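In the text below, chain A, chain B and the rest are named by the order of the sequence lines, each starting its count at 1. Keep in mind the model is a prediction, meaning the values are calculated, not measured.
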Amino acid sequence: MLQTSTQTPARNLPDALLTWYDRHHRDLPWRVSPAAAAAGKRADPYHIWLSEVMLQQTTVQAVKPYFWKFLGLWPKVTDLAAAPVEDVMAAWAGLGYYARARNLKKCAEAVATEHGGAFPDTEQGLRALPGIGDYTSAAVAAIAFNRQAAVMDGNVERVISRLYAIDAPLPGSKSLMKAKVTALTPAARPGDFAQAMMDLGATICTPKRPACAICPLRDDCLAFAEHDPERFPVKAAKKEKPVRLGAAFIAVTPEGEILLRRREESGLLGGMTEVPTTAWTSRVDGGATAAHAPFDADWEPCGLVVHVFTHFELRLSIFRAKTNRTDKQSTVGWWEPVENLERQALPTVMKKAISQAIPLAFAPR
DNA sequence: TAGGCGTGGCG
DNA sequence: TCGCCAAGCCT
């Protein structure tokens, strides 16, 4: 059947999006471009999985250097499986959400020992692995294995909520949105479709001031028709962030070593390295003093460090003392030369605390 | 199911 | 300056 030139070509929404993606996709280190994919190039499941875990609640810009570092240290998933967990934590330091690193290591071990070194190639098989939830299992299945899996992350939620003008607030409306994504996901190129939805959300359908004028889905979008796309997605009201107080103690020997210790395996900053601190409490009497130090020394106050976590704000009073090594102190943790601090699994809040006491601790050498 | 769990960039 | 929030997972 012929169409006259005045008719709009028959074109469904997934096709419109994929056509846009072919032309405007982002080039990312872990990604196979649509042209290369058409020529038969396949994404490496290890690369896709590693990038997806790093990208959980984390920006592309923050992930890129870590992605390269991990591939350099551990080129194959079996290399990562064989690595000491301390090395993995140290390499992850600064990226946040450290349970991801612990689960990354566990997942690599499971792939190596239970799956012969090859990732499961189905959504269900991937979903059973540590640190892989609804999003990541669908993403790896679609992108690395071309499975028709419905991928929904924060970007997709925004695009879908606008396309259909969904008024119900997140996270309650998630199942409704997931059903919409499932209905849209094509049998052909499901991985490109997922990446296209996310690219659209990241570059066009942005939280603020979306670029509707150049959006390939504009004609299908109810939020655009209503002239207020920023109204979506509707989200439940947030709770206020409490403040917690504490003190951190930086002990320095004449040899230039500082006292470090390891945090418990689970919970906040689990398995990461820290300087000795008091408990972080919600008391507001400002009671943090040298009396709470891990041992007696000539502690001098040297300022305050404020660090904002996801669910509370921490105000750490910093104390510093010159001291000599004794056996008693060594039961607290271990003494580490300052020039080795860069190799430790120190979360950002601890780097801030140490820098407050020793301004050049993390200076380039 | 709702809360715990990091960090850095951006408007 | 500061609130928002980014390719979520686990319990």
Side-chain angles (χ1 to χ4, degrees), chain A residues 25-26 28-31 47-67 89 92-104 106-107 126-144 149-159 169-172 174-175 178 181 191 193-203 205-210 230 233 235-242 244 263-272 274 280 305-314 345-352:
Chain A
H25 65 87
R26 292 179 289 175
L28 300 172
W30 45 86
R31 178 177 280 181
H47 294 191
I48 300 302
W49 163 74
L50 178 61
S51 69
E52 292 299 346
V53 174
M54 288 182 167
L55 286 162
Q56 291 166 7
Q57 298 289 284
T58 308
T59 58
V60 165
Q61 273 311 112
V63 163
K64 280 181 181 175
Y66 285 87
F67 179 77
M89 300 306 289
W92 194 277
L95 205 49
Y97 285 134
Y98 298 99
R100 291 185 297 171
R102 299 194 295 273
N103 286 329
L104 190 82
K106 286 183 198 163
C107 183
L126 290 159
R127 182 67 176 78
L129 292 167
I132 297 188
D134 289 339
Y135 164 75
T136 305
S137 57
V140 175
I143 298 169
V151 176
M152 193 170 73
D153 72 331
N155 286 305
V156 179
E157 286 173 359
R158 189 167 56 252
V159 172
L170 284 168
K174 217 163 184 174
S175 59
K178 180 70 176 263
V181 179
F193 177 78
Q195 296 179 94
M197 288 286 279
M198 293 189 280
D199 276 20
L200 189 77
T203 64
C205 195
T206 49
K208 301 294 179 190
R209 297 177 57 85
E230 283 189 27
K235 295 189 178 183
K238 293 192 173 79
K239 294 191 173 174
E240 196 177 342
K241 202 167 278 192
R244 296 190 198 174
R263 293 177 63 86
E264 290 188 33
E265 286 307 309
S266 62
L268 183 71
L269 306 175
M272 299 295 283
E274 68 173 2
W280 303 344
V305 162
V306 178
H307 190 79
V308 181
F309 291 95
T310 305
H311 53 297
F312 67 94
E313 174 182 318
L314 177 64
L346 287 166
T348 296
V349 62
M350 290 301 151
K351 290 188 176 180
K352 282 191 198 174

Could you tell me how far apart [X] ([atom1]) and [N] ([atom2]) are, to the nearest whole angstrom?
X	N	atom1	atom2	answer
Arg263(A)	dG6(B)	CZ	P	8 Å
Phe193(A)	dA7(C)	CZ	P	16 Å
Lys174(A)	dT1(B)	NZ	P	12 Å
Lys64(A)	dG9(B)	NZ	P	14 Å
His25(A)	dA7(C)	NE2	P	19 Å
Trp30(A)	dA7(C)	CH2	C1'	9 Å
Leu314(A)	dT7(B)	CG	C1'	14 Å
Leu200(A)	dA7(C)	CG	C1'	14 Å

Review point. With no hydrogens and no angle check, is any side-chain donor or acceptor of Arg102(A) less than 3.5 Å from a backbone partner on Ser266(A)?
Key: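 No; zero donor-acceptor contacts below 3.5 Å.
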Review point. Without hydrogens or angle criteria, can the side chains of Tyr135(A) and Gln56(A) be said to hold a donor-acceptor pair below 3.5 Å?
Key: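 Not at all, the side chains of Tyr135(A) and Gln56(A) share no donor-acceptor pair under 3.5 Å.
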Check your understanding: Would you say the side-chain atoms of Arg158(A) and Thr206(A) include a donor-acceptor pair closer than 3.5 Å?
Key ->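 The answer is no; no qualifying pair exists.
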Exercise for review: Determine which nucleotide pairs with dG6(B), using a 3.5 Å limit on both distances of a Watson-Crick or G-U wobble pair.
Suggested key: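 Because no pair has both required distances under 3.5 Å, dG6(B) counts as unpaired.
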Review point. Looking at the rings of Tyr66(A) and Trp92(A), which for Trp means the six-membered one, are their centres under 6.0 Å apart?
Key: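 Distance test on ring centres: not under 6.0 Å, no.
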Practice item. Report yes if the distance between the aromatic ring centroids of Phe309(A) and His307(A) is under 6.0 Å, otherwise no. Key: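 Yes.
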Point to revise | More than 12 heavy atoms from other groups under 6.0 Å of CD on Glu264(A) | key: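 Counting neighbours around CD of Glu264(A), 12 or fewer heavy atoms of other residues, nucleotides or ligands fall under 6.0 Å, so no.
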Exercise for review: Evaluate the side-chain contact (heavy atoms from CB on, under 4.5 Å) criterion for residues Val151(A) and Met197(A): first the C-alpha distance (whole Å), next the side-chain angles of each, then the deciding distance (0.1 Å), finally the verdict.
Suggested key: CA-CA 9 Å; Val151(A) 176; Met197(A) 288 286 279; over 6 Å; no
Practice item. Can you tell me, in whole Å, how much space there is between the P of dA7(C) and that of dG3(B)? Key: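 Per the computed distance, 23 Å lies between those P atoms.
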Exercise for review: Determine the Euclidean distance between corresponding P atoms of dG8(B) and dC9(C); express it in Å to zero decimal places.
Suggested key: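 Each nucleotide's P atom is 22 Å from the other's.
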Review point. Any ion pair linking Lys174(A) and Asp134(A) (charged N to carboxylate O, less than 4.0 Å)?
Key: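 Not counted as a salt bridge, because no side-chain N and carboxylate O are separated by less than 4.0 Å.
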Point to revise | Side-chain ion pair, Arg263(A) and Glu274(A), N-O less than 4.0 Å | key: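 Salt bridge flag = yes for Glu274(A) with Arg263(A).
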Point to revise | Closest-nucleotide ordering on DNA chain B, the 5'-leading residue of Arg209(A) and Ala99(A) | key: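 Final value for this comparison: Ala99(A).
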Protein-nucleic acid N or O pairs under 3.5 Å, nucleotides 9-11 of chain C:
{"from": "dC9(C)", "atom 1": "OP1", "to": "Gly133(A)", "atom 2": "N", "distance (Å)": "2.9"}
{"from": "dC9(C)", "atom 1": "OP1", "to": "Thr136(A)", "atom 2": "N", "distance (Å)": "3.0"}
{"from": "dC9(C)", "atom 1": "OP1", "to": "Thr136(A)", "atom 2": "OG1", "distance (Å)": "2.7"}
{"from": "dC9(C)", "atom 1": "OP2", "to": "Asp134(A)", "atom 2": "N", "distance (Å)": "3.4"}
{"from": "dC9(C)", "atom 1": "OP2", "to": "Tyr135(A)", "atom 2": "N", "distance (Å)": "3.3"}
{"from": "dC10(C)", "atom 1": "OP1", "to": "Gly131(A)", "atom 2": "N", "distance (Å)": "2.5"}

Just to be sure I understand the rule, does [X] reach a base, reach only the sugar-phosphate, or reach nothing, if contact means heavy atoms closer than 4.0 Å?
X	result
Val308(A)	base
Leu28(A)	base
Gly201(A)	nothing

Check your understanding: What's the verdict on side-chain contact (heavy atoms from CB on, under 4.5 Å) for Trp49(A) and Ile143(A), showing C-alpha distance, side-chain angles and the deciding distance?
Key -> CA-CA 10 Å; Trp49(A) 163 74; Ile143(A) 298 169; over 6 Å; no
Review point. Between Leu314(A) and Phe312(A), what is the shortest heavy-atom contact and its length?
Key: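 Shortest heavy-atom contact: CB-CE1, 3.9 Å.
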Check your understanding: Are OP1 or OP2 of dT7(B) and a side-chain N or O of His307(A) less than 4.0 angstrom apart?
Key ->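 Yes, such a contact exists.
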Just the atom pairs and distances: protein N or O near nucleotides 2-4 of chain B's N or O, under 3.5 Å.
{"from": "dG3(B)", "atom 1": "OP1", "to": "Lys239(A)", "atom 2": "NZ", "distance (Å)": "2.5"}

Practice item. Go through the steps to decide whether Arg209(A) and Glu230(A) satisfy the test side-chain contact (heavy atoms from CB on, under 4.5 Å), and finish with yes or no. Key: CA-CA 7 Å; Arg209(A) 297 177 57 85; Glu230(A) 283 189 27; 4.0 Å; yes
Polar pairs (N or O, both sides) under 3.5 Å between protein and nucleotides 4-6 of chain C?
{"from": "dC5(C)", "atom 1": "OP2", "to": "Lys238(A)", "atom 2": "NZ", "distance (Å)": "2.9"}

